[in-house]
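Worksheet: one structure, shown below.
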Amino acid sequence: MKKMILFAAAIMMAFGASAQMSLVKDLAKKAASNNPLELMEVLQKIEPAFTNPESANDVLTWYTAGKAAFAIYDEMYKMKLMQQPVDDKDMCEALSAAYRFYQTALPLDSVVEVDKNGAPKLNKDGSKKIKTKYSKDIIGALTSHMGDIANAGNIFLQASDWENAASSFGDYADIATSPFAIANGVAAPDSTLSQVRFFQGYSLYQIQKFGEAYDAFTKARKLGYTDNNIVDFQTSSLANMVQGMLDKNEFDKANNFIDNALKGDPMNATLHDIKGFTIELKDGVDAALPYYRKATEVDPTYANAFFDVGRCLYLQAQKIIDDNPNATNKELVPKIKPIYDEAIPFLRKAAELNTNPDEKKAQNVLDDILYKFEVMGVK
């Protein structure tokens, strides 16, 4: 009985898969229509085929969905050109969906050529001969709509639809740098790509996808982008990523990540400062101090680094005081005064560089040192 049940289940699964592909083939005919209602019907009815094991791996499924979505976008775009009312968001979402469908379809569009006996044909090197069926149409649609997908990103960006904006900008950049875009002479110049990558990163930053944002900002900078405080956005993205690792006590992972970032950007003071913070959490202020010092050398205008050097020196002196609770001021002064003397100019510089009038942490530490000098009779 158990074998019969399993056999029956296998038949039902095979029937279900066959039924899905039969449905896809029927919908493929409708996808050639210019009727928006029929095209919407295609997208609604084809959705189960995306997860069916057989149909999900068949190029026709994704090609059909992409063709319908592109047709919907094209019809809406025509309406807009004729000054008919069109929902820009709906139009752009149709275009984004079309790109995703076709990008899924493209790698699936490879069919092994067979001879009259059904055996695979072979190349001279013994590999199987592969032919494509839909790739020409797919590549044509992707490249001809490149400007549209970039414009969709701008529309989503203006609407603060960060998820869709990031997706659209990413789609554009991926297509604009693809081998087929280069082969067809439509690859985008670096100046355009750098802007697109920045706005992709900016959109990802808004939804706190800091890892992806960091990657996008890094690509933008490599392409020469320098506007819109990109360095601040990039390092802030990295800082948030590192903080997430530190919250999980993944110190080695955080250190390795920062080291890799520093290899590509050794003159970034913020990265050196973040490195110091990471080291301090695990190994203490003595180990962290060289990294904070390096940050002040790399950027003499970076207030945080100057504060961190002064703060660490202050903490070194405080440890001496704490470790010698019975020592007199006369005994302590020779030990702590040289450390405080070194800390003071860093704290003064930090206070001077800080443009936020409400941020007085450097001045507070400095005032405490000067108070201790007064109590100890240090002139």
Side-chain angles (χ1 to χ4, degrees), residues 229 231-236 238-247 249 251 254-255 258-259 261-262 265-379:
N229 299 316
V231 175
D232 292 339
F233 276 114
Q234 183 190 29
T235 50
S236 178
L238 182 138
N240 278 285
M241 288 177 64
V242 170
Q243 186 61 60
M245 297 173 193
L246 296 178
D247 289 343
N249 294 322
F251 295 103
N255 271 318
I258 299 167
D259 287 342
L262 279 168
D265 197 5
M267 298 305 291
N268 189 320
T270 307
L271 291 181
H272 289 287
D273 199 55
I274 294 171
K275 173 75 173 179
F277 175 70
T278 305
I279 294 294
E280 182 179 350
L281 285 179
K282 185 180 180 183
D283 300 320
V285 295
D286 293 349
L289 196 50
Y291 298 97
Y292 292 138
R293 289 186 189 278
K294 181 65 175 179
T296 66
E297 294 167 9
V298 169
D299 184 357
T301 66
Y302 187 43
N304 269 2
F306 282 90
F307 171 71
D308 283 330
V309 172
R311 176 181 60 80
C312 284
L313 291 168
Y314 172 85
L315 291 173
Q316 285 181 338
Q318 188 60 45
K319 187 175 186 305
I320 293 173
I321 296 173
D322 294 340
D323 289 347
N324 297 275
N326 298 319
T328 64
N329 287 342
K330 186 177 180 180
E331 294 169 330
L332 286 174
V333 167
K335 296 178 180 179
I336 64 174
K337 184 177 182 301
I339 302 174
Y340 282 150
D341 285 343
E342 186 179 1
I344 286 172
F346 283 97
L347 293 168
R348 282 179 173 157
K349 183 72 171 178
E352 175 190 329
L353 290 171
N354 200 326
T355 57
N356 183 355
D358 297 325
E359 181 60 78
K360 298 180 180 180
K361 57 186 181 182
Q363 188 62 50
N364 290 340
V365 176
L366 181 60
D367 288 346
D368 188 65
I369 292 174
L370 297 177
Y371 172 74
K372 284 185 170 67
F373 275 179
E374 184 179 345
V375 171
M376 294 178 172
V378 176
K379 296 181 180 179

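The shown structure was predicted, so the numbers you read here are calculated from the model rather than taken from an experiment.
- No donor-acceptor pair closer than 3.5 Å links the side chain of Gln363 to the backbone N or O of Lys360.
- When all heavy atoms of Ala305 and Asp273 are compared, the closest pair comes out as CA-OD1, 3.6 Å.
- Closest of all the heavy-atom pairs between Glu280 and Cys312 is OE1-SG, 4.2 Å.
- Looking at Lys337 and Val378, their side chains come closer than 4.5 Å, going by heavy atoms from C-beta outward.
- Residues satisfying the ring-ring contact (aromatic ring centres under 6.0 Å, His included) criterion with Phe277, sequence neighbours excluded, are absent altogether.
- With values rounded to the nearest 0.5 angstrom, Leu262 atom CG is found 7.5 Å from Asp265 atom CG.
- Once rounded to the nearest 0.5 Å, the distance linking CD1 of Ile320 with CG of Leu332 reads 8.5 Å.
- Side chains of Leu313 and Val309 form a contact here, defined as non-hydrogen atoms less than 4.5 Å apart.
- Rounding to the nearest 0.5 angstrom, the gap separating the OG1 atom in Thr270 from the CG atom in Asp299 is 7.5 Å.
- Salt bridge status for Asp308 with Arg311: present, with a side-chain N to carboxylate O gap under 4.0 Å.
- Side-chain atoms of His272 never come within 3.5 Å of backbone atoms of Arg293 as a donor-acceptor pair (strictly under, hydrogens ignored).
- Figure legend: cation-pi geometry between Lys361 and Phe307, with NZ or CZ positioned under 6.0 Å from the six-membered ring centre and within 45° of its axis.
- The shortest side-chain heavy-atom distance between Lys319 and Val285 does not fall under the 4.5 Å cut-off.
- Between atom CD of residue Gln243 and atom CG of residue Leu281 there is a gap of 7.5 Å, rounded to the nearest 0.5 Å.
- The two residues Ala254 and Val242 have their closest heavy-atom pair at CB-CG1, 4.0 Å.
- For Lys294, there are no salt bridge (Lys or Arg N to Asp or Glu O under 4.0 Å) partners two or more places apart in sequence or in a different chain.
- The shortest side-chain heavy-atom distance between Leu289 and Gln316 falls under the 4.5 Å cut-off.
- Checked by atom type and distance alone, the side chain of Asn354 never pairs as donor or acceptor with a backbone atom of Ala350 at under 3.5 Å.
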Could you go step by step and tell me if Phe373 and Ile344 meet the side-chain contact (heavy atoms from CB on, under 4.5 Å) rule?
-> CA-CA 12 Å; Phe373 275 179; Ile344 286 172; 3.9 Å; yes
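- Here the shortest heavy-atom pairing between Ala343 and Ile369 reads CB-CD1, 4.3 Å.
- Here the CE atom belonging to Met376 is positioned 9.5 Å from the OG1 atom belonging to Thr328, to the nearest 0.5 angstrom.
- Asn268 contributes a side-chain N or O that, together with a main-chain N or O of Leu271, makes up a donor-acceptor pair within less than 3.5 Å.
- Pairing each heavy atom of Ala362 with each of Leu347, the nearest pair is CB-O, 3.7 Å.
- By the 4.5 Å heavy-atom criterion applied to side chains, Lys275 and Thr278 are not counted as neighbours.
- One finds the OH atom of Tyr340 at 5.5 Å from the CD atom of Gln318 (value rounded to the nearest 0.5 Å).
- The nearest pair of heavy atoms linking Phe346 to Gly310 is CB-N, 3.9 Å.
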